Amino acid sequence: MTKLLLILGTVLATAAYAPYIRDIVWHGVRPRLVSWVIWTLLLGLMTVVSVQERQLGSALATGISTIGCLAVVVLGWRYATRSVTRYEIATLLAAVAGIALWLTLDNPLLVMVVAIAVDAIAYVPTLVHGWQNPEEESWLAYAVGIVGEGAILASVLQGHASLVGYLYPLYAVVFGTAMVGLIALANYRDSAAEGAAVVSEW
């Protein structure tokens, strides 16, 4: 069962990027590139840490995410807005500082904790974007990712992985769920506003 969950989670985590990439090209999704660039760097480093610690489940989760994030950055650079807000600049500087700190650490668990903290900081511009412009984010991609990362998390828990092994899948599930919920709430808000506008016209 553990291997089956790991395989299922890996397939779904990979597939989660397909609707996002499709929506960038065809449906006007506009990723915030600062978030995705930071994620690409961090996830690549987390993959190295997970491999060194022989945490296969975590390495698969972060490795797949690295490739997916890189694809979003490449396509986003072509199709999305390249504007950067002051907050995103501050986020980028904080991420760079966190990565610099990370590279000086020699404790795998502390390395992973710092990496996830920086990753979470990088998530903020995308969360804000999802709230302000929900039509420019793909809820389906995040939803599929939640299921995939959840299966990987279940796999590493069944395999009695170390804390280093399941920290990232747990984090990915929590923040993915937050993103889907935020997009849903923003869509409800916008629909309610449109309905109120129609009623007022009558």
Side-chain angles (χ1 to χ4, degrees), residues 1-17 20 32 34-73 91-128 130 141-182:
M1 177 63 81
T2 300
K3 289 183 178 179
L4 180 61
L5 284 171
L6 182 58
I7 293 171
L8 175 63
T10 302
V11 170
L12 288 174
T14 305
Y17 289 93
Y20 203 96
R32 299 310 302 179
V34 168
S35 292
W36 291 92
V37 167
I38 295 171
W39 288 336
T40 301
L41 295 173
L42 282 172
L43 287 163
L45 292 172
M46 278 191 271
T47 301
V48 173
V49 172
S50 295
V51 170
Q52 290 176 341
E53 292 299 302
R54 299 181 180 179
Q55 298 297 321
L56 176 61
S58 182
L60 282 172
T62 55
I64 290 167
S65 294
T66 301
I67 295 170
C69 287
L70 181 60
V72 171
V73 169
T91 300
L92 183 59
L93 292 175
V96 170
I99 291 172
L101 172 62
W102 182 16
L103 295 175
T104 65
L105 299 174
D106 195 30
N107 183 312
L109 177 58
L110 192 55
V111 164
M112 188 63 76
V113 169
V114 171
I116 289 175
V118 176
D119 193 284
I121 291 171
Y123 221 122
V124 174
T126 293
L127 288 169
V128 172
Y142 291 103
V144 175
I146 291 167
V147 178
E149 297 290 355
I152 292 174
L153 176 61
S155 171
V156 297
L157 288 174
Q158 285 190 2
H160 304 291
S162 68
L163 186 58
V164 171
Y166 69 77
L167 266 182
Y168 180 77
L170 176 60
Y171 157 78
V173 169
V174 171
F175 269 72
T177 302
M179 190 65 186
V180 171
L182 199 68

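Counting from 1, the numbers follow the sequence of the chain as shown. Predicted model, so just to flag it, every value in this text is computed and none were measured.
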**Student:** Taking the side chain as every heavy atom from C-beta outward, state whether T126 and F175 have any atom pair closer than 4.5 Å.
**Tutor:** no
**Student:** Name the residue from L167, L170, I121 that meets the side chain to side chain contact (heavy atoms under 4.5 Å, CB included) definition with I116.
**Tutor:** L167
**Student:** Heavy atoms only: give me the nearest L70-T40 pair and the separation to one decimal.
**Tutor:** N-OG1, 3.5 Å
**Student:** Taking all non-hydrogen atoms of both residues into account, name the closest pair between V180 and A143 and its distance.
**Tutor:** CG2-N, 3.8 Å
**Student:** E149 and A172: which non-hydrogen atoms are nearest, and at how many Å?
**Tutor:** CG-CB, 3.7 Å
**Student:** Should the pair Y20 and Y142 be assigned to parallel (<30°), tilted (30 to 60°) or perpendicular (>60°) ring geometry?
**Tutor:** perpendicular
**Student:** Can you sort out the partners of V147 under side chain to side chain contact (heavy atoms under 4.5 Å, CB included), two or more places apart, ordered by chain and number?
**Tutor:** L12
**Student:** According to the interplanar angle, ranging from 0 to 90°, do the rings of W36 and Y17 count as parallel (below 30°), tilted (30 to 60°) or perpendicular (above 60°)?
**Tutor:** perpendicular
**Student:** Locate the shortest heavy-atom distance separating C69 from W39; write the atom from each residue and the value.
**Tutor:** SG-CB, 3.8 Å
